[in-house]
Amino acid sequence: MTTSHSGAPDGARTAALTARRSRGTKVRRQRVKAAWLFLTPMLVALALVAGWPLFRTFFLSFTDASLSDLGTANFIGFENYLVHDNGRWFGIMADPVWWQSVWNTVYFSVVSVSLEVVFGVIVALILNAEFKGRTIVRAAVLIPWAIPTIVSAQMWAWMLNDQFGIINHMLMGIGVIDNPIAWTASATYSMWAVIMVDVWKTTPFVALLVLAALQMLPKDCYEAAEVDGIHPVRVFFKVTLPLITPALMVAVIFRLLDALRVFDVIYVLTSNSTSTMSMSVYARQQLVEFQDVGYGSAASTLLFLIIALATVAYIYAGRKQLQLGGEA
């Protein structure tokens with residue numbers, strides 16, 4: 001009798017637990033179905049505006065398609081990428097101009113994004129401080145980011161002009177240079193001119209993300225550090241920087257994606273100059289000026305693969321760093 005009485009509550013408890021789990025599973029399934037129902041239109045639109053052009057580019061990269069007549073394209077395999085014929089290598093992988101554009105893009109991305117992160121953090125720390133007129137300064141800092149890239153690039157092209165540009169006029173006026181410099185036409189200065197313009201425009205974006213992260217930090221940590229007399233520089237590297245690292249990762253990944261596919265600022269400032277040509281400018285030159293759709297599609301495909309690999313590698317490294325930081 002004791003066993004039966006003690007077993008009855010256990011059985012009821014088990015049945016109740018099973019019923020609760022069943023209801024939870026049913027609710028979860030309903031939520032998943034609702035989520036897919038709401039996501040389906042977006043996925044369909046994404047497949048149409050992104051998936052189909054991407055697939056079309058992949059397909060055309062294996063053909064000899066020409067811009068003048070896409071209907072007569074023939075399948076040629078990997079010849080646009082790399083082919084060996086009569087003792088010589090041909091294709092985009094054997095083109096030194098392509099590899100120069102890859103190096104230019106990587107160099108531009110690393111330098112510009114690094115400078116934007118440094119200056120963005122500095123600007124965010126300044127804007128996070130309490131001072132009179134902070135709201136006006138915050139609005140003014142966002143002006144470069146609000147200006148369209150084409151407009152800002154053309155504006156800087158005028159200012160950097162070696163004949164009538166105000167930059168040369170100012171530098172000559174204070175005695176820094178003796179003669180006007182062709183900033184966007186010189187192989188020595190053109191890349192740095194492009195980097196300077198890009199940093200000027202996109203630093204506010206990084207500063208905005210970092211500022212949002214700074215305003216969410218707990219105040220008690222800084223109050224305790226102030227009471228203990230810890231130097232502000234040490235507080236920044238030991239407290240502030242680790243806490244804003246997730247926001248910095250988001251800023252870097254967005255800026256890295258933009259920098260790797262950079263086109264407008266380079267094309268407006270330096271056109272098709274080999275010293276600053278990016279992968280996007282190279283692909284555009286093949287597609288539009290040379291009207292070689294197959295070759296240009298191969299360049300676009302390689303650009304997509306490079307950006308995808310860089311993104312995956314950065315996200316993986318960032319997650320590893322966060323895991324190591326959490327374990328420490």
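Only a predicted model underlies this, so the values are computations on that prediction, with no experimental measurement involved. All heavy atoms count here, side chains included; hydrogens, waters and symmetry mates do not.
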Nearest non-hydrogen partners of T301 and F58, listed with the distance
CG2-CE2, 3.3 Å

Surrounding OH of Y316 (heavy atoms of other residues, nucleotides or ligands, distance under 6.0 Å), is the total greater than 12?
no

Give, for atom CG of L127 and atom CD of Q215, the distance between the pair rounded to the nearest 0.5 Å.
9.0 Å

Would you say V262 and V151 are hydrophobically clustered, going by side-chain heavy atoms of ILVMFWY under 4.5 Å?
yes

Heavy-atom count check: over 12 atoms from other residues, nucleotides or ligands less than 6.0 Å from F254 CZ?
no

Determine whether more than 12 heavy atoms belonging to other residues, nucleotides or ligands lie under 6.0 Å from atom CG of L37.
yes

Going by side-chain heavy atoms closer than 4.5 Å, which hydrophobic residues are tied to I150, directly or by a chain of links?
V268

Heavy-atom side-chain proximity of S109 to L256 below 4.5 angstrom:
yes

Sidechain N-carboxylate O distance under 4.0 Å for R88, D85
no

Can you spot which of Y295, F90, F62 makes a side chain to side chain contact (heavy atoms under 4.5 Å, CB included) with N80?
Y295

Taking it one step at a time, do D198 and K201 satisfy salt bridge (charged side-chain N to carboxylate O under 4.0 Å, His left out)?
CA-CA 5 Å; D198 186 72; K201 174 172 174 53; over 6 Å; no

Heavy-atom closest contact (A182 atom, D162 atom, distance)
CA-CB, 3.7 Å

Residue that, paired with L67, satisfies side chain to side chain contact (heavy atoms under 4.5 Å, CB included) out of E289, Q286, Q291:
Q291

Applying the side-chain hydrogen bond (donor to acceptor under 3.5 Å, both in side chains) test to Y282, which of D95, N104, T274 qualifies?
D95

Please verify the inter-ring angle class for F78 with Y81; under 30° counts as parallel, over 60° as perpendicular, anything in between as tilted.
tilted

If we ignore angles and hydrogens, is there a donor and acceptor under 3.5 Å between the side chains of S275 and S273?
yes

Over all atoms of both residues, closest heavy-atom pair of V194 and V265:
CG1-CG1, 4.4 Å

Should the heavy atoms of other residues, nucleotides or ligands under 6.0 Å from CE of M172 be counted, would the total exceed 12?
yes

What is the ring orientation for W103 with Y107, classed by angle as parallel under 30°, tilted 30 to 60°, or perpendicular over 60°?
tilted

